[in-house]
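Ligands are counted one by one from 1 in listed order, and the atoms in each one are counted from 1 as well.
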Amino acid sequence: MRHSASHVMAEAVQSIFPDAKFAIGPAIEDGFYYDFDLPRSLTPDDLPIIEKKMSEIIRADLPFTRREITKKEAQKLFASQPYKLELLEEITDDKVGVYEQGSFIDLCRGPHVNSTGDIKAFKLISIAGAYWRGDEHNAMLQRIYGVAFATQKELDEHIARLEEAKKRDHRKLGKELELFVISDEVGNGLIIYGPKGGRIRAVIEEFWRQEHFANGYEILYTPHIGLSKLWQTSGHLDFYQENMYSPIDIEGQEYYLKPMNCPFHILAYKSKMRSYRDLPLRWAELGTVYRYERSGVLLGLLRTRGFTQDDAHIICTPEQVNSEISEVLRFSLHIWHVFGFHKYKVYLSTRPAHSIGTEQMWQDAQEALRKVIDENKLEYEVDEGGGAFYGPKIDLKIEDALGREWQMTTIQFDFNLPERFNMVYTGADGQEHRPYMVHRALLGAWERFFGLLIEHYAGAFPLWLSPVQVKIIPVADRHLEHSRKIIAELKSRGVRVEVDDRSERMNLKIRQAQLEKIPYMLVVGDKEVADNSVSVRRRSGEQLPIQPLASFLETLTAEIANKV
Ligand SMILES: [Zn+2]
Ligand SMILES: [Zn+2]
């Protein structure tokens with residue numbers, strides 16, 4: 001039905017732009033799109049006109065009919081359609097299928113619904129630019145996205161979800177709440193954190209460090225660049241170079257920006273002899289890496305070129321691997337709970353056709369992963385053959401407030417790097433053995449995690465993460481002096497507090513604080529000054545009873561400590 005809707009949209013566009021050139025129009029999740037080459041740029045005002053035409057075609061209940069014609073006939077039929085001709089070039093069969101409805105005919109494998117009347121509920125959503133075949137050397141086409149559902153109710157619900165998602169868009173909120181900046185003057189896909197975003201990151205990093213130390217990790221710091229020889233040994237230059245930036249020449253030697261942190265951790269491991277008694281080693285790093293992504297796929301915080309992974313490598317004996325994996329998963333779920341996420345889905349990816357390592361290693365590793373998933377009673381799906389060539393992995397998808405899944409945590413075995421770098425430890429038998437190595441990114445990339453956090457909370461961060469936790473609102477200028485005393489007291493208890501000392505009306509100041517999504521507002525007037533009390537409002541608009549400053553402070557600091 002969705003694919004049929006794209007044909008109906010193409011017919012509607014053809015009726016409005018008789019010279020339109022048609023590229024491709026597939027069905028996608030929840031809907032469809034079609035790429036057109038048109039004589040002018042579309043505007044949002046065009047969408048209702050196209051929708052109206054589509055509705056007419058649907059009401060007319062025109063049948064979709066399939067025909068098989070020879071390639072030669074097709075070339076004649078699509079003589080004025082250069083994109084269709086290009087597609088035809090690549091078809092090796094002599095026969096091709098075409099689908100026709102009303103006045104529109106398309107080169108198409110189908111299948112389709114019987115007639116246009118079977119398209120029940122649809123809406124056109126947006127217009128975007130798209131290169132022909134996704135290649136920036138090709139012509140820029142205009143893409144119209146639409147959604148289609150079996151019932152109006154499902155469509156309405158979907159539209160409501162889209163509206164909500166738009167309100168929560170991290171790019172929009174990032175700007176409004178002054179969390180981060182993306183500037184053309186810096187370059188695509190590189191993020192600047194302003195003081196508010198920076199404060200949130202600092203709070204989370206502090207928490208992250210404490211948790212890692214408490215859970216048996218040590219924290220490493222490693223350089224941003226490394227010699228080409230290092231990336232040769234690691235295999236990145238052979239298998240990953242298209243994702244890396246061009247080298248930097250320093251004194252005739254080539255350095256690369258790091259796309260991953262692993263080789264540095266391995267060199268730290270190899271800096272001395274290791275015995276089985278030293279293992280397991282759990283080494284974590286907030287490591288900023290750089291990877292080349294095509295400019296067309298960059299998206300706010302979600303897809304960037306420079307990002308910070310909350311990376312860790314666990315180096316252990318084969319006997320320790322079960323309990324280590326179990327521990328990593330437990331630790332991951334604990335952290336996700338603290339950030340307010342309670343729904344996950346696990347994906348287990350197993351051995352692909354081309355891979356390294358023995359069958360025994362793969363079996364052990366996959367069993368370790370499966371066992372841990374079972375122990376934690378998690379719902380999971382197996383991606384048969386979906387592992388990396390160097391080892392199996394589990395990925396954790398986190399569900400947000402809108403029910404969307406975000407792939408965040410990854411736990412990966414690696415049978416490759418320990419070989420390439422010849423990592424060894426001395427076993428109880430006095431012989432050299434190869435350790436197991438597991439890569440783990442818990443939050444994933446900080447940037448992506450922050451994007452998720454912003455959208456999940458719609459910018460209204462929990463108290464413990466809010467860059468400003470309390471806003472003091474003096475009713476008049478004569479209450480400023482007392483307000484400053486309150487600030488000093490709150491600050492001495494580690495509370496992040498600001499005062500709105502503008503000579504504006506109180507209601508305007510309250511509204512401003514609500515827009516900034518500050519958890520608590522303290523209104524200070526004559527009565528509050530007289531008995532050292534505070535009138536407390538939450539950002540939801542809820543008004544709490546007037547209370548002594550001391551008792552508010554108790555509640556506040558307890559909430560912050562409990563990560564509310
Ligand atoms: Zn089609
Ligand atoms: Zn790694």
_Which of the protein's N, O or S atoms come within less than 2.8 Å of the Zn ion (ligand 1), not counting waters?_
His3 NE2, His7 NE2, Cys108 SG

Tell me whether the rings of [X] and [Y] are parallel (<30°), tilted (30 to 60°) or perpendicular (>60°).
X: Tyr292; Y: Tyr245; answer: perpendicular
X: Trp336; Y: Phe339; answer: perpendicular
X: Phe331; Y: His212; answer: perpendicular
X: Trp231; Y: His236; answer: perpendicular

*Could you walk me through whether Phe307 and Trp446 pass ring-ring contact (aromatic ring centres under 6.0 Å, His included), step by step?*
CA-CA 7 Å; Phe307 56 93; Trp446 159 260; over 10 Å; no

_Please give the atom name: the N, O or S atom of His439 nearest to the Zn ion (ligand 2)._
ND1

*When you draw lines from the Zn ion (ligand 2) to NE2 of His313 and to SG of Cys262, what angle lies between them, to the nearest 10°?*
110°

*Stacked cation flag Arg2 on Phe149, 6.0 angstrom / 45 deg*: yes

_Could you check, using the six-membered ring where one of them is a Trp, whether Tyr34 and Phe32 have ring centers closer than 6.0 angstrom?_
no

